[in-house]
Amino acid sequence: MDSGSPVSRVLRDYVALTKPRIIFLLLITAVGSMFLASEGWPDPLLAALVVVGGYLAAGGANALNHSLEGDIDQRMQRTHRRPVASGRVSQRQAFVFGIALNLAAFAILALFVNVLSAVLAISGTLIYIFVYTKGLKRTTPQNIVIGGAAGAVPPLVGWAAVTGTLELPAYYLFAIIFLWTPPHFWALALLIKDDYARAGIPMLPVVSTLAETKRQILLYTVVLVAFSASFAATGAVGWIYLSGALALGGGFIVRAVRLAREDGIEGAKALYVFSIAYLALLFGVAIADSLAHRYMVG
């Protein structure tokens with residue numbers, strides 16, 4: 001099939017509605033949680049089902065977000081070419097697509113994993129749409145702080161898929177992502193502050209000073225690093241995780257301090273890029289710790 005054919009363009013637009021690059025990071029956190037809950041390798045079929053169900057739920061939430069924020073996306077340079085904003089996909093089509101993906105996600109997880117994991121996955125969509133998109137994004141600079149809970153749900157789904165319940169380590173993983181979201185997102189918001197101002201979105205850099213935004217980034221980063229290190233106290237992870245968490249956290253804090261000391265926002269991009277690597281690597285060392293423990297015990 002010609003890569004430029006109408007069918008292929010439509011397929012690309014519908015894939016774009018799911019925001020696959022964002023979902024990849026979410027799936028890492030879900031699978032990482034499964035390794036910890038399994039204390040080693042999770043069942044491959046179970047992991048595959050969680051990945052598929054998780055992608056469908058998160059992708060459906062993102063499609064619904066596209067449908068509801070077409071007007072905002074049209075006013076922002078970064079997003080005006082998105083499928084709904086540009087008119088290539090209608091708001092109704094994106095909405096129906098998002099609902100369908102979430103129904104499929106719930107069915108797969110409920111039928112082949114367990115009902116708890118299915119309910120948690122859909123709860124992430126509900127938080128993202130009703131709390132963040134509809135309730136907070138256009139009204140308060142705390143939108144990403146509270147609404148960020150939606151992106152912290154995948155570890156709960158992964159843990160529930162393995163154990164059928166939720167335990168303290170799962171809540172810790174949720175909280176780590178919850179605390180990670182503000183410094184990660186505010187670093188990006190510094191880079192596209194004018195876009196948010198033009199769209200009338202009260203992100204922190206739009207409604208507050210540059211110095212205060214950078215102070216908040218540093219504050220959340222320090223709390224995040226301290227909290228991620230304290231995860232070792234639960235006994236779910238050991239020295240491999242702790243060493244990695246401290247090393248990665250040190251890199252995060254150094255970049256946040258560097259940004260805070262600058263007059264402008266030159267360090268914002270470096271911090272934003274590092275924050276993505278930080279979360280992926282943090283869950284990576286958690287997986288490595290789990291496997292090392294399994295083989296040492298075995």
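As the structure is a computational prediction, the values presented were derived from the model and not from experiment. Reckoned from all heavy atoms, side chains included, excluding hydrogens, waters and symmetry mates.
Residues in residues 102-134 take part in these ring pair (Phe, Tyr, Trp, His ring centres under 6.0 Å) pairs, two or more places apart or across chains: Tyr128-Tyr132. Note on residues 214-239: pairs passing salt bridge (Lys or Arg N to Asp or Glu O under 4.0 Å), not counting sequence neighbours, are Glu212-Arg215.
Proximity of Phe252 to Trp180: side-chain heavy atoms (C-beta onward) are separated by under 4.5 Å at one or more points. Side-chain contact check for Leu242 versus Val237: every heavy-atom pair is 4.5 Å or farther apart. You'll find the side chain of Leu136 stays beyond 4.5 Å of the side chain of Gln142, heavy atoms only.
Residue Leu116 holds its CG atom at 9.0 Å from CG of Leu156, rounded to the nearest 0.5 Å. Here the straight-line distance linking atom CD1 of Ile253 with atom CG of Leu271 works out to 11.5 Å at 0.5 Å rounding.
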| From CA spacing to verdict: side-chain contact (heavy atoms from CB on, under 4.5 Å), Glu262, Leu259 | CA-CA 5 Å; Glu262 293 170 348; Leu259 174 63; 3.9 Å; yes
| request: Evaluate the criterion side-chain contact (heavy atoms from CB on, under 4.5 Å) for residue pair Val254 and Phe274; output intermediate values, then yes/no. | output: CA-CA 11 Å; Val254 165; Phe274 182 82; over 6 Å; no
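Between Arg82 and Asp73 there is a salt bridge, since a side-chain N of the basic residue sits under 4.0 Å from a carboxylate O of the acidic one. Glu69 has a carboxylate O that lies under 4.0 Å from a charged side-chain N of Lys137, or vice versa, which qualifies the two as a salt bridge.
Heavy atoms only, all atoms of each residue included: Pro205 and Ala189 are closest at CG-CB, 3.7 Å.
Sparse packing is recorded around NZ of Lys134, with 12 or fewer heavy atoms of other residues, nucleotides or ligands lying under 6.0 Å away.
The cluster map of Ile, Leu, Val, Met, Phe, Trp and Tyr, joined by side-chain heavy atoms under 4.5 Å apart, puts Ile177 and Ile276 in the same cluster. Neither Tyr55 nor Ile28 shares a network with the other; the hydrophobic side chains, linked directly or stepwise wherever heavy atoms of I, L, V, M, F, W or Y lie under 4.5 Å apart, form separate groups for each. Note on Leu27: it does not cluster hydrophobically with Leu36, by side-chain heavy-atom contacts below 4.5 Å among ILVMFWY residues.
Ring geometry for Tyr220 versus Trp186: interplanar angle over 60°, hence perpendicular rather than tilted (30 to 60°).
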With a cut-off of 3.5 Å and sequence neighbours excluded, list every side-chain donor-acceptor pair involving residues 90-103.
from: Ser90; atom 1: OG; to: Gln93; atom 2: N; distance (Å): 3.0
from: Ser90; atom 1: OG; to: Gln93; atom 2: OE1; distance (Å): 3.2
from: Gln91; atom 1: NE2; to: Ser67; atom 2: O; distance (Å): 2.9
from: Gln93; atom 1: OE1; to: Ser90; atom 2: N; distance (Å): 2.9
from: Asn102; atom 1: OD1; to: Thr125; atom 2: OG1; distance (Å): 2.7
from: Asn102; atom 1: ND2; to: Gly98; atom 2: O; distance (Å): 3.0

